[in-house]
Amino acid sequence: MQTSARLFNPVLIVGCVIIIVSFGIRATFGVFQIPVAAELGWLRTEFSLAIAIQNLAWGIGQPIFGAIAEKIGDKRAIVIGALVYALGLVLTAFSTSPLGHQIYAWLIGFGIAGTGFGVILAVVGRAATDENRSMSLAIAAAAGSFGQIVGPPGAEWLLGLMSWQTTFIVFSGLILATLFTLPFLSAPQPVNKAEIERSMGAVLGQAFRDPSYILIFVGFFSCGYQVAFITAHFPAFVTELCGPIEPGGMLYSMGITTTSALGAISISLIGAANIVGTLMAGWAGSRLPKKYLLAGIYVGRTIVAAVFIMFPITPLTVIVFSVTMGMLWLATVPLTSGLVAYIYGVRYMGTLYGFVFLSHQIGSFLGVWLGGRLYDVYGDYTLVWWIGVGVGAFSAIVHLPIREKPVHYLQSA
């Protein structure tokens with residue numbers, strides 16, 4: 001079976017639908033930060049740790065689900081992921097202790113791994129031609145941003161109608177509904193004979209001995225730190241520290257009358273801007289060296305975060321930050337996954353990208369947990385922001401020495 005010459009094919013469309021729902025729900029947890037802590041009387045650290053564990057579980061689960069998909073099939077891996085995701089949400093809804101939330105966060109994290117980038121990008125990448133792959137991966141990544149646009153405001157709206165517990169039940173039903181799209185998800189196996197003949201162990205062994213793969217792994221850490229910290233804590237950060245929204249202003253006339261509403265909308269703005277940024281990254285990734293594009297993105301993030309935190313927090317600076325950071329948000333995903341596919345092939349892309357994504361999620365764990373911990377210790381998020389600035393600059397440097405060439409068995413095939 002040949003890969004599809006069309007950019008938009010059933011695999012890409014179904015993959016986008018699943019990612020929209022999975023990431024739309026995942027992006028809402030920062031909205032629950034204050035309601036859950038206020039109702040149950042928890043410190044900020046308690047709920048932050050649950051979100052941090054969720055991100056770590058997502059990272060650990062990513063190479064596992066990548067391997068499951070490559071061994072027993074993409075559809076079965078997604079079914080397992082959706083069931084685990086829904087179970088974690090339901091159990092969390094009925095839990096009233098920090099320990100319960102933190103335990104069930106493992107299920108949610110593994111569920112995101114089974115319905116998220118690792119599995120979906122691999123199947124989308126196999127279904128695309130070499131010419132379309134970078135753009136296909138960008139479109140799938142941008143679908144995650146669309147989920148981020150609708151997720152937080154949707155959660156804010158549902159919280160106005162029902163309890164946070166019932167909202168979690170609704171979310172579990174939504175993730176299960178994506179399973180009805182699976183009959184349309186079918187991607188070919190690679191036709192490159194050299195890829196087919198090599199075992200997973202041989203490919204993984206070669207990658208782990210390759211300094212370039214290690215640099216990709218290390219460099220993805222800061223992306224996870226920055227994205228997860230902002231997703232989990234930015235709504236609360238804006239709610240508490242942003243200057244007031246003036247009556248009669250543009251935001252007020254749009255119905256955004258509180259800093260709480262602005263905090264939720266800011267995550268959506270990041271997602272909206274990231275659709276543009278990610279598609280631009282996909283377009284550029286098929287024309288320019290991906291490692292230099294990644295280094296540039298991390299430099300941009302570093303500058304945007306540093307400038308934002310040095311100025312007073314106002315509704316205008318929140319909006320400007322959300323749009324500029326959003327342009328750089330998940331633009332790293334199609335470039336990083338595309339870099340892995342270009343160097344090592346698409347046969348075991350899910351597992352190889354899964355291990356790289358583990359680094360991303362270790363960063364996510366630290367970003368979310370440190371955000372809550374340092375807030376409780378110091379009463380603000382300033383130190384966490386500056387750590388993010390530092391690791392962003394580090395990642396920009398780390399990507400420069402990567403050897404962006406296919407491995408030898410692909411060159412000789």
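In this model, no donor atom of one side chain and acceptor atom of the other lie less than 3.5 Å apart for Thr178 and Thr181. Side-chain contact annotation: Tyr381 with His233, donor-acceptor N/O pair under 3.5 Å present. Using a 3.5 Å distance cut-off with no hydrogens or angles, the side chains of Trp58 and Gln54 do not pair a donor with an acceptor. A donor-acceptor pair shorter than 3.5 Å cannot be found between the side chains of Ser136 and Asn132.
No side-chain heavy atom of Trp369 sits less than 4.5 Å from a side-chain heavy atom of Leu56. Within the 4.5 Å cutoff, the side chain of Phe221 has heavy atoms near those of the Leu366 side chain. At a threshold of 4.5 Å between non-hydrogen side-chain atoms, the residues Ile216 and Val398 do not count as touching. No side-chain heavy atom of Phe184 sits less than 4.5 Å from a side-chain heavy atom of Ile13. Side-chain contact between Thr239 and Thr258 is absent, with no heavy-atom pair separated by less than 4.5 Å. At least one side-chain heavy atom of Met327 sits under 4.5 Å from a side-chain heavy atom of Val276. Using a 4.5 Å heavy-atom cutoff, the side chains of Val304 and Arg301 are not in contact.
Aromatic ring orientation, Phe117 versus Phe23: tilted (interplanar angle from 30° to 60°). Note on ring orientation: taking the six-membered ring where Trp is involved, the planes of Phe234 and Phe237 are parallel (angle under 30°, cut-offs 30° and 60°).
Side-chain N or O atoms of Lys290 include one that pairs as donor or acceptor with a backbone N or O of Gly285 at under 3.5 Å. Although no hydrogens or angles enter the test, the distance criterion places a donor-acceptor pair under 3.5 Å between the side chain of Ser364 and the main chain of Gly224. Between the side chain of Thr317 and the backbone N or O of Ile313 there is no donor-acceptor pair closer than 3.5 Å. Side chain of Ser322 to backbone of Leu269: no donor-acceptor contact under 3.5 angstrom is found. Put simply, the side chain of Thr332 never gets that close to the backbone of Leu328: no donor and acceptor are under 3.5 Å apart. Proximity of a side-chain donor or acceptor of Thr259 to a complementary backbone N or O of Leu262 within less than 3.5 Å is not detected. The closest donor-acceptor contact from the side chain of Thr278 to the backbone of Ile275 lies at 3.5 Å or more, if one exists at all. Panel note: side chain Asp74, backbone Glu70; no donor-acceptor pair is recorded below 3.5 Å. Ser266 contributes a side-chain N or O that, together with a main-chain N or O of Gly263, makes up a donor-acceptor pair within less than 3.5 Å. Side chain of Asn274 to main chain of Leu330: a donor-acceptor pair is present (N/O by atom type, distance under 3.5 Å, no hydrogens or angles).
Nearest heavy-atom pair across Ala281 and Leu335 is O-CD2, 3.5 Å. Contact detail for Ser22 and Thr115: the closest heavy-atom pair is OG-OG1, 2.8 Å. Nearest heavy-atom pair, Trp283 versus Met135, reported as atom, atom and distance to 0.1 Å: N-SD, 3.7 Å. Across Pro334 and Leu137, no two heavy atoms sit closer than the pair CB-C, 3.9 Å. Considering all non-hydrogen atoms of both residues, Gly100 and Ser95 come closest at CA-OG, 3.3 Å. Here the closest heavy-atom approach between residue Gly219 and residue Ser395 is recorded as O-OG, 2.7 Å.
Here Trp164 and His101 bring their ring centres to under 6.0 angstrom of each other.
Among the candidates Phe220, Phe217, Phe208, Tyr213, the single residue satisfying the ring pair (Phe, Tyr, Trp, His ring centres under 6.0 Å) test with Phe355 is Phe208. No option in Tyr375, Tyr378, Phe321 other than Phe321 meets the ring pair (Phe, Tyr, Trp, His ring centres under 6.0 Å) test with Trp385. Of the listed residues (Val84, Leu87, Ile80), just one forms a side-chain contact (heavy atoms from CB on, under 4.5 Å) with Phe110, and that residue is Val84.
Rounding to the nearest 0.5 Å gives a distance of 7.0 Å between CG of Leu294 and CD1 of Ile402. To the nearest 0.5 angstrom, Ile18 atom CD1 is 5.5 Å from Leu185 atom CG.
Between Asp210 and Arg403, none of the side-chain N atoms (NZ, or NE/NH1/NH2) sits under 4.0 Å from a carboxylate O, so this pair counts as no salt bridge.
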message: The test is side chain to side chain contact (heavy atoms under 4.5 Å, CB included); show your working for Ile149 and Phe146 and say whether it passes.
response: CA-CA 5 Å; Ile149 293 173; Phe146 183 75; 4.3 Å; yes
